[in-house]
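By convention in this document, chain letters (A, B, ...) are assigned in the order of the sequence lines, proteins followed by strands, and residues within each chain are numbered from 1. Predicted model only: the values in this text are computed from it and were never measured.
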Protein chains: 2
Amino acid sequence: MLRLTQSEENYLKAIFTLSQDTEGAISTNDLAEKMLTKASSVTDMLKKLCEKELLEYQKYQGCALTNSGKAHALAIIRKHRLWETFLVDKLNFGWDEVHEIAEQLEHIQSTELTDRLDEFLGFPKVDPHGEPIPGKDGRIESVSNRILLSESLVGMKAIVMGVEDDQTEFLQYLNKIGLHLGTPIDIADKLSFDGSVLVNMNGKQVQFSITIAKQISIKPL
Amino acid sequence: MLRLTQSEENYLKAIFTLSQDTEGAISTNDLAEKMLTKASSVTDMLKKLCEKELLEYQKYQGCALTNSGKAHALAIIRKHRLWETFLVDKLNFGWDEVHEIAEQLEHIQSTELTDRLDEFLGFPKVDPHGEPIPGKDGRIESVSNRILLSESLVGMKAIVMGVEDDQTEFLQYLNKIGLHLGTPIDIADKLSFDGSVLVNMNGKQVQFSITIAKQISIKPL
DNA sequence: AACTTTTTTTAGACTAGTCTAAAAATTAGA
DNA sequence: TCTAATTTTTAGACTAGTCTAAAAAAAGTT
């Protein structure tokens with residue numbers, strides 16, 4: 001299998017995640033924003049990755065991963081999520097503390113290591129943020145019956161199943177208000193003018209802006 | 001604490017290990033050989049590391065680590081040996097399979113991670129090759145009563161405690177002849193003309209060249 | 001359809017780490 | 001101690017990845 005640099009791997013991962021909620025090609029600018037870099041740097045990298053047949057790229061037309069590129073991206077995501085699970089389950093880190101470390105661990109090159117770690121963890125299906133962990137073959141088992149909190153209906157009862165964003169500050173905020181995976185919630189109200197969601201949980205009422213509600217996935221009961 | 005690149009870390013580690021069995025400064029050429037690189041590349045790196053006060057360096061005089069440089073080197077060695085222990089104890093890798101992977105894992109930046117891993121492993125004193133694991137403070141607990149097989153006396157009974165070299169092929173050879181940590185051995189004879197050591201172990205007799213005998217450390221009973 | 005704005009690419013420069021080839025310093029030998 | 005051999009450094013070049021500034025293409029607006 002093709003050997004990639006950390007930078008190349010990070011680009012592939014970014015393109016893959018952007019593709020998840022985007023139709024068609026990924027634009028150079030969007031990718032530059034995601035990678036916290038400049039469009040000119042992105043153009044250079046796209047040429048290189050295209051050369052290696054990890055993505056398709058035509059001047060001014062953005063890019064899209066090939067099957068090979070997708071496979072690489074999924075392998076990195078698999079490692080990232082397995083390591084996060086290791087850090088939380090075995091080393092007792094909080095779910096808000098593991099992203100940075102996993103960003104480094106995901107680049108360790110050894111399929112054998114990844115697979116043994118998977119086994120050691122008992123073949124977990126989701127990571128500490130509720131995100132599904134791709135299997136050896138790159139397949140993601142679909143997580144059933146989930147919706148975003150932003151799409152919930154008033155009166156619904158549900159269980160928190162995951163978060164779409166694993167940035168430290170966001171997760172620390174959720175910790176502070178007592179929201180974790182598995183927390184039961186009641187949708188008390190939705191404010192039509194700004195999309196805010198009022199939620200009863202742990203005996204208190206909390207208000208989530210639409211931005212936050214889009215980051216929380218729940219399973220209606 | 002100063003942030004270093006992987007390459008800088010590898011140089012510090014190499015200088016540290018060379019210093020272990022060398023009096024005085026480490027020469028540019030010796031370091032180049034150890035790093036599988038050219039002397040000119042080494043000179044450039046020495047200038048940089050000297051700038052950062054990790055080592056002392058004067059043109060044509062070789063180099064020696066400062067206390068800061070030693071501390072960094074020991075931190076890397078600590079991580080390397082803890083990860084090797086994890087791979088063998090928790091993921092069931094063989095002692096001959098872990099060096100390469102640990103070479104990557106040793107560069108993961110997080111003291112918190114290292115210390116939690118240490119705790120998770122039960123604060124091991126030695127790694128899978130019998131090498132001592134530096135503590136949080138960088139101190140290495142001296143491993144008592146050990147000598148090299150090359151220094152043993154005929155008639156001695158001993159236990160294999162460690163190997164100085166952790167290259168895959170060497171360890172695979174030891175596996176093949178059934179030599180592991182804890183294996184009891186009898187020194188049957190030493191050949192004066194080439195320094196070979198004849199050893200009885202597992203009911204068989206094995207002959208070790210002086211080169212190999214210098215790589216095996218034992219505890220006389 | 002022509003003009004303006006935005007996006008994207010090119011051109012050229014910079015850093016880190018490496019290399020080769022040549023120059024300089026040190027060490028060894030007679 | 002003078003010369004030869006060895007070691008080490010310098011000089012200049014290369015790759016990967018990044019940047020800024022400017023040019024080119026695409027998209028939006030009247």
(request) Would you verify whether the NZ or CZ of B/K90 falls within 45 degrees of the ring axis of B/F120 while also being under 6.0 Å from that six-membered ring's centre? (result) yes
(request) Please state how far atom CD in B/Q6 lies from atom P in C/dT18, giving the value in whole angstrom units. (result) 11 Å
(request) Using atom CD of B/Q58 as one end and atom C1' of D/dT9 as the other, report the distance to the nearest whole Å. (result) 15 Å
(message) From CG of A/L31 over to P of D/dT18, roughly how many Å is that when rounded to an integer?
(response) 11 Å
(request) Determine: side-chain N/O of A/S41 to OP1/OP2 of D/dC19, distance under 4.0 Å, yes or no. (result) yes
(message) Is there a side-chain contact between A/Y57 and the phosphate of C/dT9, meaning an N or O under 4.0 Å from OP1 or OP2?
(response) yes
(message) B/D194 vs B/S196, test: side-chain hydrogen bond (donor to acceptor under 3.5 Å, both in side chains). Steps then yes/no.
(response) CA-CA 6 Å; B/D194 74 342; B/S196 288; 2.8 Å; yes
(request) Return the value, rounded to whole Å, for the distance between atom CG of B/D44 and atom P of C/dT15. (result) 14 Å
(message) Between B/H99 and B/H129 (judged by ring centroids, cut-off 6.0 Å), do the two rings come close enough to count as a pair?
(response) no
(request) Using only side-chain N and O atoms of B/T37, determine if any of them is under 4.0 Å from OP1 or OP2 of C/dC19. (result) yes
(message) Can you confirm whether more than 12 heavy atoms, excluding those of A/Q172, are under 6.0 Å from its CD atom?
(response) yes
(request) Let me know the distance between NZ of B/K38 and C1' of D/dA13, rounded to the nearest Å. (result) 16 Å
(request) Specify the separation, in whole Å, of atom NZ of A/K47 and atom C1' of D/dA16. (result) 15 Å
(message) Under 4.0 Å from OP1 or OP2 of D/dA16: is there any side-chain N or O of A/S7 that close?
(response) no
(request) Ignoring the backbone of A/Y60, work out which of C/dT18, D/dA25, D/dA16 is nearest its side chain. (result) D/dA25
(message) Centre-to-centre under 6.0 Å for B/Y11 and B/F16, is that the case here?
(response) no
(message) Just N and O in the side chain of B/K59: are any of them under 4.0 Å from OP1 or OP2 of D/dT10?
(response) yes
(request) Grab the CE-P distance between A/M45 and D/dA16 for me, whole Å please. (result) 10 Å
(message) Ignoring hydrogens and geometry beyond distance, is the side chain of A/S40 in donor-acceptor contact with the base of D/dT20 at under 3.5 Å?
(response) yes
(message) Categorize A/T28 for me: base, sugar-phosphate, or nothing, with a 4.0 angstrom heavy-atom threshold over every strand shown.
(response) sugar-phosphate
(message) Please tell me if A/N29 has a side-chain N or O lying less than 4.0 Å from either OP1 or OP2 of C/dT8.
(response) yes
(message) Is the phosphate of C/dT8 approached by A/T43 (side-chain N or O, under 4.0 Å from OP1 or OP2)?
(response) no
(request) Find the distance A/L36:CG to D/dT18:P and express it as a whole number of Å. (result) 11 Å
